[in-house]
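In what follows, every chain begins at residue 1, and chains take the letters A, B, ... in the order their sequences are listed. Because the structure is predicted, anything quoted here is derived from the model rather than measured.
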There are 2 protein chains.
Amino acid sequence: MNDSLTFLEEPEDTREEILKATYEAFCEHGYSGITIQRISDKFPKSKSLLYHHYDGKDDLLLEFLEFMLDQTEEQLPLQTGDGADVHIELVVDAMFSSGSMVDNVNFSRAMVELRAQAAHDEQYREYFSRTDRFTSKHVEHIIRSGIEQGVFQNVDPSETAALFQVMFVGTTTQQVTSNESIFEDCRAEFERYVETCLIDSKEE
Amino acid sequence: MNDSLTFLEEPEDTREEILKATYEAFCEHGYSGITIQRISDKFPKSKSLLYHHYDGKDDLLLEFLEFMLDQTEEQLPLQTGDGADVHIELVVDAMFSSGSMVDNVNFSRAMVELRAQAAHDEQYREYFSRTDRFTSKHVEHIIRSGIEQGVFQNVDPSETAALFQVMFVGTTTQQVTSNESIFEDCRAEFERYVETCLIDSKEE
DNA sequence: AAAAGAAGATTGAATAGTCAGTCAACACAG
DNA sequence: CTGTGTTGACTGACTATTCAATCTTCTTTT
């Protein structure tokens, strides 16, 4: 199992080293098993040093969350030279490629556990709200483009983006919290939805 | 805020009293804030009594999970006298009525937090797998009926059920972990999907 | 029907362990 | 010699769990 986030292969300063260690501890123990001790086990320097670079556990975890959400946003497929229909297919790919967005399932696990905290932590909820809005708007924009380009039907971009957003969360969560591999079936049906309800099969 | 599960309004024995207290502690503190102390704060008898009725914290939480999953399964809309198209609409209702399935959002919060544990706990994952399979098969059966009745298109029941399952997880999670109220938009689009991709608009 | 007893329910106090966070001291670069 | 990064030992609060002792309820014996 590869616990390393490619982006953190070579952390540049101590703060990044600490974030990397936090990620590794997350992968191994999960949110409920995270302790300062275990984070410091994953990084070569001393435990007390964490308190020199961060105000405390809460501060560190919040910065870690911020970092993870940044990664999430960066993994969204950027505009290609091609049309919106190609672009949206990339998004669907990202949604179903090994969980969601990132090549290893560890990232998804961490995100699911972090997101669950948002149920009782207002600050976490605000962070996730921000990223959710970002991805929604991103998809919304693709759809708007597609309609203008004439490759999509005249759907409500906001509503369609909302469905995409929920599917993102749903697939990620489902994949790491259940052994049933509904995944391929779900993908097939979602592709059918995109073909039928979104793509404009023009017969000029 | 109403922390009580209707089913536990009047717990019959001490074990149920403890489960009720666990639910209340869950609502107030969330999974990561659950302690034996806080559970016992929510119930009138002594803390040590917990250990008389359960082997320990893990045992208690596992039984609590089992109880919550039972509730989840019981909230699935049963077959009505009407056709599958009416039946599936009830399922969609359940999916979008105040989170999912149960009338208060507390239940959803608890479920989301419990489910997140499944990312690192094999036993939790097995429990959720079982319930996920149950709901999937339930939806699959409705769809199969609908096809036979001629009210649904000739879709793949397994694939469609898979999408429903992921939507269930997605809506529940999204609602309690984000302030963005994507909810109504998502519902509108999902209804559109059902109308377009599932219902057979017969024009005999 | 009264005394004795068994079984389970309940309690308060005690124990052992873990956790986040602190602090005084050390290293060493400028 | 001053400031920044670093360390290991320490602490106090909190945690799960145990245990001996009591209380309650029902059963059995006389």
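- Regarding contacts with the backbone of dT18(D), every side-chain N or O of Tyr51(B) stays at 4.0 angstrom or more from both OP1 and OP2.
- Residue His53(B) places at least one side-chain N or O closer than 4.0 Å to OP1 or OP2 of dT10(C).
- A salt bridge does not link Glu17(B) to Lys20(B): none of the charged nitrogens lies less than 4.0 Å from a carboxylate oxygen.
- Annotation: Phe26(A) is in aromatic contact with Phe64(A) [ring centroid separation under 6.0 Å].
- In the set dT7(D), dC19(C), dA9(C), the nucleotide with an atom closest to the side chain of Thr35(A) is dC19(C).
- Helix-axis bend for the helix from dA1(C)-dT30(D) to dG30(C)-dC1(D): the local axis fitted to the five terminal pairs at one end deviates from that at the other end by 10°, rounded to 10°.
- Within the structure, every side-chain polar atom (N or O) of His52(A) is placed at least 4.0 Å from both OP1 and OP2 of dT7(D).
- Remark: the Gln174(A) side chain and the Asp132(B) side chain contain an N/O donor-acceptor pair separated by less than 3.5 Å.
- Relative to the six-membered ring of Tyr54(B), Arg15(B) meets both conditions, a distance below 6.0 Å and an angle of at most 45° to the axis.
- Residue Ile36(B) has its side chain nearest to dA16(D) when only dA16(D), dT6(D), dG21(C) are considered.
- Closest heavy-atom contact between Val155(B) and Arg192(A): CG1-NH2, 3.1 Å.
- Counting non-hydrogen atoms under 4.0 angstrom, Ser48(B) reaches a base of the nucleic acid.
- Listed nucleotides dT10(C), dG21(C), dT6(D) differ in distance to Lys47(A); the shortest reach to its side chain belongs to dG21(C).
- Checking dT6(D), dT11(C), dT18(D) against every side-chain atom of Lys45(B), the shortest atom distance belongs to dT11(C).
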